[in-house]
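Reviewing the structure listed below.
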Amino acid sequence: MDKISFYEQVYQVVALIPKGKVTSYGAIAAYLGTKGSSRMVGYAMNQVHSLSLNIPAHRVVNRNGLLTGKFHFESPTKMQDQLASEGIIVEEDKIINFKAHFWDPAIALAL
DNA sequence: GCGTTGACGAGGA
DNA sequence: GTCCTCGCCAACG
């Protein structure tokens, strides 16, 4: 297996999220086998700024479908705008019909 | 090597 | 149904 850090594993999964789809931190953590470290997924996204990677972090939200990390973007409205551009309706900083747009890496990547 | 940090999740009241 | 508390675990300083 690749000797990549937990961070990079998160980045790889997030980068695989198809357009118009979203997932939760816990789902990614669970896919990586560390479902207990769902916080690490979000923490990894925080470090994305330090990297030159192109990570669609706007497609990653918490289990409530809430745009918890929108303040970590260039602009708090950027995240909602990105999702809206992909056909995902966001209102009150939360994704409408979140379940319909949910993308589970454990299923999509089909281990 | 240790303590702190976190864009979370689940359970309990 | 909402609000609060605990746990989780890897990276950073």
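Note on naming: letters A, B, ... go to the chains in the order of the sequence lines (proteins, then strands), and numbering restarts at 1 for each one. Keep in mind that the numbers below use all heavy atoms, side chains included, and drop hydrogens, waters and symmetry copies.
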Using whole Å, what does the distance between atom [atom2] of nucleotide [N] and atom [atom1] of [X] come to?
X     : N      : atom1 : atom2 : result
A:Y25 : B:dA10 : OH    : C1'   : 17 Å
A:R59 : B:dA7  : CZ    : P     : 22 Å
A:F98 : B:dC8  : CZ    : P     : 12 Å
A:N64 : C:dC3  : CG    : C1'   : 13 Å
A:Q82 : B:dA7  : CD    : P     : 21 Å

For nucleotides 8-13 of chain C, 5' to 3', base contacts (B), sugar-phosphate-only contacts (S) and non-contacts (-) with protein non-hydrogen atoms under 4.0 Å give BBBS--
Base, sugar-phosphate alone, or nothing: which one does A:A29 contact when heavy atoms must sit under 4.0 Å apart?
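A:A29: no heavy atom of the nucleic acid under 4.0 Å.
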Contact class for A:N62 vs. all strands (heavy atom < 4.0 Å): base, sugar-phosphate, or nothing?
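Sugar-phosphate only.
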Smallest separation among heavy atoms of A:S38 and A:A29, with atom names:
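Taking A:S38 first and A:A29 second, the nearest heavy atoms are CA-CB, 3.7 Å.
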Provide the full list of ring pair (Phe, Tyr, Trp, His ring centres under 6.0 Å) pairs with a residue in residues 74-93 of chain A, sequence neighbours left out, each pair given once.
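Output for this query is empty, none listed.
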Pair A:R59, A:E86 - check salt bridge (Lys or Arg N to Asp or Glu O under 4.0 Å), show working.
CA-CA 10 Å; A:R59 295 178 187 157; A:E86 298 182 0; 2.9 Å; yes
Let me check something: do A:Y25 and A:L16 share a hydrophobic cluster, defined by ILVMFWY side-chain heavy atoms less than 4.5 Å apart, either directly or through other members?
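Same hydrophobic cluster.
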Can you find a pair of side-chain heavy atoms, one from A:K78 and one from A:K70, that are under 4.5 Å apart?
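Result no, sub-4.5 Å side-chain heavy-atom pair not found.
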Just by distance, do the side chain of A:Q80 and the backbone of A:V90 share a donor-acceptor pair under 3.5 Å?
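Yes; judged by distance alone, with no hydrogens or angles, the pair exists.
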